[in-house]
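From a predicted model like this one, the values you see are computed outputs, not experimental measurements.
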Amino acid sequence: MFETYEEIRQWREETMGSVVDDHRQLNAFHDQLMYQTLRIAKETIESEQGPPPAPFAFFLMGSAGRSEQSVWSDQDHGIIFEGASQCQEYFLNLGAEISHGLAIAGYEKCEGNVMASNPLWCRSIESYKKQIHDWLNEDSWQSLRNFSIFFDSRVLDGNDEFLLKVKRESFSVLEDCPRLYSRLVENFEFIKKGVGVFGQLLPEQRQGMNGEIHLKETAYFPYVNALRILSLKKGVSAAPTLDRFEILSYSYPFIEAYENDFRELLTFRLRYKKEAESYEKIHLLPLDRLSKQDKQQLKHLIKRGQQLFAKSKLILKEESSL
């Protein structure tokens with residue numbers, strides 16, 4: 001049993017190489033790393049401030065919430081508790097300790113502050129329900145983005161039902177206001193163009209980048225966003241994209257043809273990025289490292305993802321106008 005965050009970091013460094021070739025094993029290992037970090041954080045706060053004042057759940061969002069982490073990942077997490085708002089201070093302190101521990105264990109703090117140390121992501125069940133209403137009613141780019149971040153969530157430790165109650169509230173609000181689906185689609189719609197008109201791969205043009213393609217933004221997001229849209233429409237609370245493919249295939253049989261493409265993309269990413277030395281480099285792929293065959297495969301996967309997103313958008317438009 002680990003006693004310090006540094007020991008967890010050492011375990012990570014010693015073990016990562018044995019799980020890096022298998023997507024499911026890798027993400028199960030990430031879960032164990034984060035769970036052990038959470039355990040030490042809970043013990044630390046209990047020793048200083050006593051036991052939790054209310055039942056709570058610690059949940060993951062982003063790629064961790066979707067069980068789609070690569071070798072490196074940043075932090076995206078929250079706390080939801082069953083109790084009065086006065087309990088929040090205790091859980092914010094716990095959230096800060098968790099963030100501190102995860103940073104030592106090898107997970108960079110989230111630049112957007114999507115962490116349980118932030119009051120926005122550390123709330124009671126009722127407060128989260130109200131926040132969902134506020135985000136959807138405000139209908140701004142940032143509020144809808146926050147809602148989407150929250151929706152890609154799953155409980156790592158604690159009562160799953162706490163999170164489910166808030167997600168069910170989301171489905172209810174959306175059902176009452178169908179126009180919000182199209183607003184959410186607009187929020188997801190900015191997708192980097194990865195393939196040019198002549199069929200060439202398009203590298204990033206941002207400063208400091210030289211001949212690299214952003215794998216996450218160009219290839220990966222179209223699949224994730226398409227399945228998130230359809231999950232919201234059908235009231236599917238599962239966060240992992242692969243789970244969403246399985247559940248939604250009964251309602252939307254056409255998506256089955258794209259599931260293999262998404263699995264291929266996950267494998268492709270691991271093959272090329274398993275030796276990345278930091279989180280900053282995990283999504284950037286130098287095009288000159290790719291063989292001619294790999295470039296063809298990547299172009300195919302990018303086009304398939306964009307096709308899936310376009311079809312999902314069209315279906316949602318048709319269903320929401322019924």
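Using a 4.5 Å heavy-atom cutoff, the side chains of Ser182 and Lys317 are not in contact. In this structure, Asn187 and Asn225 have side chains that are not in contact, with every pair of non-hydrogen atoms separated by 4.5 Å or more. With a 4.5 Å cut-off on side-chain heavy atoms, Phe309 and Ile229 count as touching. Between Cys177 and Leu136, the closest side-chain pair of non-hydrogen atoms is not below 4.5 Å. By the 4.5 Å heavy-atom criterion applied to side chains, Trp72 and Tyr107 are not counted as neighbours. When side chains are defined from C-beta on, Met16 counts as touching Val71, because their heavy atoms get closer than 4.5 Å. Inter-residue side-chain proximity for Met61 and Arg154 is flagged as unmet; no heavy-atom pair is nearer than 4.5 Å. The shortest side-chain heavy-atom distance between Thr4 and Ile104 does not fall under the 4.5 Å cut-off.
The backbone N or O of Lys129 sits nowhere less than 3.5 Å from a side-chain atom of Glu169 that would complete a donor-acceptor pair. Of the possible polar contacts, one joining the Asn137 side chain to the His133 backbone as a donor-acceptor pair under 3.5 Å is found. Side chain of Tyr90 to backbone of Gly50: a donor-acceptor contact under 3.5 angstrom is found. Judged purely by atom type and a 3.5 angstrom limit, Glu108 has no side-chain atom pairing as donor or acceptor with the backbone of Ala103. A donor-acceptor pair under 3.5 Å is formed between the side chain of Ser170 and the backbone N or O of Val166. No side-chain donor-acceptor contact under 3.5 Å links Ser73 to the backbone of Gln69.
For the atom pair CG of Asn113 and OG of Ser99, the computed distance is 8.0 Å after rounding to the nearest 0.5 Å. With rounding to the nearest 0.5 Å, the separation of CG in Asn146 from CG in Leu120 is 5.5 Å. To the nearest 0.5 angstrom, Leu314 atom CG is 10.5 Å from Glu319 atom CD. To the nearest 0.5 Å, atom CZ of residue Phe147 and atom CH2 of residue Trp135 are 9.0 Å apart. Here NZ of Lys234 is found 10.0 Å from CG of Leu316. Values are rounded to the nearest 0.5 Å. The OH atom of Tyr223 lies 9.0 Å from the CD atom of Gln306; values are rounded to the nearest 0.5 Å.
With hydrogens and angles left out, the side-chain atoms of Ser143 and Ser140 include a donor and acceptor closer than 3.5 Å. The closest side-chain donor-acceptor pair between Glu264 and Gln297 falls under 3.5 angstrom. Side chains of Gln131 and Arg123: a donor-acceptor N/O pair is present below 3.5 angstrom, by distance only. For Lys311 and Tyr258, the side-chain atoms include at least one donor-acceptor pair closer than 3.5 Å. Residues Ser67 and Arg24 bring no donor and acceptor atom of their side chains to less than 3.5 Å of each other. Side-chain N/O atoms of Tyr5 and Glu97 include a donor and acceptor closer than 3.5 Å.
In this structure, Lys167 satisfies the cation-pi test against Phe151, with its NZ or CZ atom closer than 6.0 Å to the six-membered ring centre and inside 45 degrees of the ring normal.
A salt bridge links Arg168 and Glu161; the closest N-O separation between the charged side-chain nitrogens and carboxylate oxygens is under 4.0 Å. Taking a cutoff of 4.0 Å between a charged side-chain nitrogen and a carboxylate oxygen, Glu259 and Arg263 qualify as a salt bridge. Salt bridge status for Asp139 with Arg179: present, with a side-chain N to carboxylate O gap under 4.0 Å. Between Asp157 and Arg39 no salt bridge is recorded (no basic side-chain N to carboxylate O distance below 4.0 Å). A salt bridge is absent between Lys130 and Glu126: the closest approach of a Lys/Arg side-chain nitrogen to an acidic carboxylate oxygen does not fall below 4.0 angstrom. Salt-bridge annotation for Arg289 and Asp294: absent, with no side-chain N of the basic residue lying under 4.0 Å from a carboxylate O of the acidic one. Contact check on Arg183 versus Glu186 returns a salt bridge, with a Lys/Arg side-chain nitrogen under 4.0 Å from an Asp/Glu carboxylate oxygen.
Within a 6.0 Å sphere centred on CZ of Phe254, heavy atoms belonging to other residues, nucleotides or ligands number more than 12. Residue Glu13 places its CD atom among more than 12 non-hydrogen atoms of other residues, nucleotides or ligands, all under 6.0 Å distant. Within a 6.0 Å radius of CD in Gln142, other residues, nucleotides and ligands contribute more than 12 heavy atoms. Gln293 CD: 12 or fewer foreign heavy atoms inside a 6.0 Å radius. No more than 12 heavy-atom neighbours from other residues, nucleotides or ligands sit within 6.0 angstrom of CD on Glu89.
Put simply, Phe162 and Leu92 are part of two different groups of oily side chains (I, L, V, M, F, W, Y) that touch within less than 4.5 Å, one to the next. When hydrophobic clusters are built by joining Ile, Leu, Val, Met, Phe, Trp and Tyr residues whose side-chain heavy atoms come closer than 4.5 Å, directly or via intermediates, Leu164 is not grouped with Phe81. No continuous path of hydrophobic side-chain contacts links Trp141 to Ile149 [ILVMFWY only; heavy atoms under 4.5 Å]. In the hydrophobic cluster analysis, where Ile, Leu, Val, Met, Phe, Trp and Tyr join through side-chain heavy atoms closer than 4.5 angstrom, Met115 is grouped apart from Leu60.
Counting all heavy atoms, side chain and backbone alike, Pro52 lies closest to Glu46 at CD-OE2, 3.8 Å. Residues Ile247 and Ala238 share a closest heavy-atom pair of CD1-CB, 3.9 Å. Asp76 and Cys110 make their closest contact through OD1-SG, 3.6 Å (heavy atoms, listed as atom of the first residue, atom of the second, distance). Listed here is the closest heavy atom pair of Ala116 and Ile79: CB-CG1, 3.7 Å.
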With ring pair (Phe, Tyr, Trp, His ring centres under 6.0 Å) as the test, would you mind laying out the steps for Tyr128 and Phe150 before giving the verdict?
CA-CA 10 Å; Tyr128 267 116; Phe150 175 82; 5.4 Å; yes

Does the pair Tyr252 and Leu248 meet the rule for a side-chain contact (heavy atoms from CB on, under 4.5 Å), with working shown?
CA-CA 6 Å; Tyr252 303 111; Leu248 288 164; 4.1 Å; yes

Walk me through whether Val155 and Ile80 qualify under side-chain contact (heavy atoms from CB on, under 4.5 Å).
CA-CA 10 Å; Val155 170; Ile80 183 168; 5.7 Å; no

Could you give me the CA-CA distance, side-chain angles and deciding distance for His77 and Phe58, then say whether ring pair (Phe, Tyr, Trp, His ring centres under 6.0 Å) is met?
CA-CA 7 Å; His77 50 75; Phe58 175 74; 5.3 Å; yes

Please determine whether ring pair (Phe, Tyr, Trp, His ring centres under 6.0 Å) holds for the pair Phe91 and Trp121, giving the CA-CA distance in whole Å, both sets of side-chain angles, and the decisive distance to 0.1 Å.
CA-CA 10 Å; Phe91 291 115; Trp121 306 104; over 10 Å; no

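With Leu102 as the partner, the side-chain contact (heavy atoms from CB on, under 4.5 Å) test is satisfied by one option alone out of Asp74, Thr37, Leu38: Thr37.
Considering only residues two or more places apart in sequence or on other chains, Arg66 meets the salt bridge (Lys or Arg N to Asp or Glu O under 4.0 Å) condition with Glu68, Asp152. Here Arg12 pairs with nothing under the salt bridge (Lys or Arg N to Asp or Glu O under 4.0 Å) rule; sequence neighbours left out. Qualifying salt bridge (Lys or Arg N to Asp or Glu O under 4.0 Å) partners for Glu82, counting only residues two or more places apart in sequence or in other chains: none.
Between Trp11 and Phe29, the angle of the ring planes goes over 60°, which puts this pair in the perpendicular group of the 30/60° scheme.
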